[in-house]
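Start at 1 with the first residue, then count along the sequence.
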Amino acid sequence: MELDELPEEVADEDFITLKWTEPKSNGAPITHYTLYYKKLTRDDKSVEGTMVIDNIQLLEQRVDVAGAKAFEIVVTASNSRGESRKDNIKRVNVLGNSQFTKKKP
């Protein structure tokens, strides 16, 4: 399952909203989605363990990214046949505000 329009980098934010599209059916209707995400430092050390938000009924979820320099996210879909694979991990870097400040000539 792919996350829709998730950038490679985001401004120094506390929260972002993730959106995704419903995947193709494997013969049974989707009952819910699960979001797995991990806050990382720039050198890929985990700030916390993997956070899990389960039983999501919508095709979007707001996520706390405060305190992270980067994070990894994957969303799975579940139905009566089980949970989809966690193979579409997306990494996003969090840029500090100084990244967007133009230098004066």
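For Lys38 and Phe71, the positive end is not near the middle of the six-membered ring at less than 6.0 Å and at most 45° from its axis.
Between Leu18 atom CG and Leu59 atom CG the span is 12.0 Å, to the nearest 0.5 Å. Atom CZ in Arg62 sits 11.5 Å away from atom CD1 in Ile53 (nearest 0.5 Å). Atom OG of residue Ser78 and atom CG of residue Asp54 lie 7.0 Å apart, to the nearest 0.5 angstrom. Remark: Tyr33 OH to Leu58 CG distance equals 9.5 Å, nearest 0.5 Å. Taken from OG1 in Thr31 to CZ in Arg81, the straight-line distance is 13.0 Å, to the nearest 0.5 Å.
A donor atom on one side chain and an acceptor atom on the other are found under 3.5 Å apart for Glu83 and Thr76.
Using a cut-off of 4.0 Å between Lys/Arg side-chain N and Asp/Glu carboxylate O, Asp43 and Lys69 are scored as not salt-bridged.
A 4.5 Å side-chain heavy-atom check between Leu35 and Val52 finds every atom pair outside the cut-off. Taking 4.5 Å as the limit, every side-chain heavy atom of Thr17 sits out of range of all side-chain heavy atoms of Gln61.
Placement of Met51 and Ile73 within a single hydrophobic cluster is found when ILVMFWY residues are connected by side-chain heavy-atom separations under 4.5 Å, directly or transitively.
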Passes side-chain contact (heavy atoms from CB on, under 4.5 Å), His32 versus Ile56? Steps please. CA-CA 5 Å; His32 68 277; Ile56 301 169; 5.9 Å; no
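Panel note: side chain Asp64, backbone Phe15; no donor-acceptor pair is recorded below 3.5 Å.
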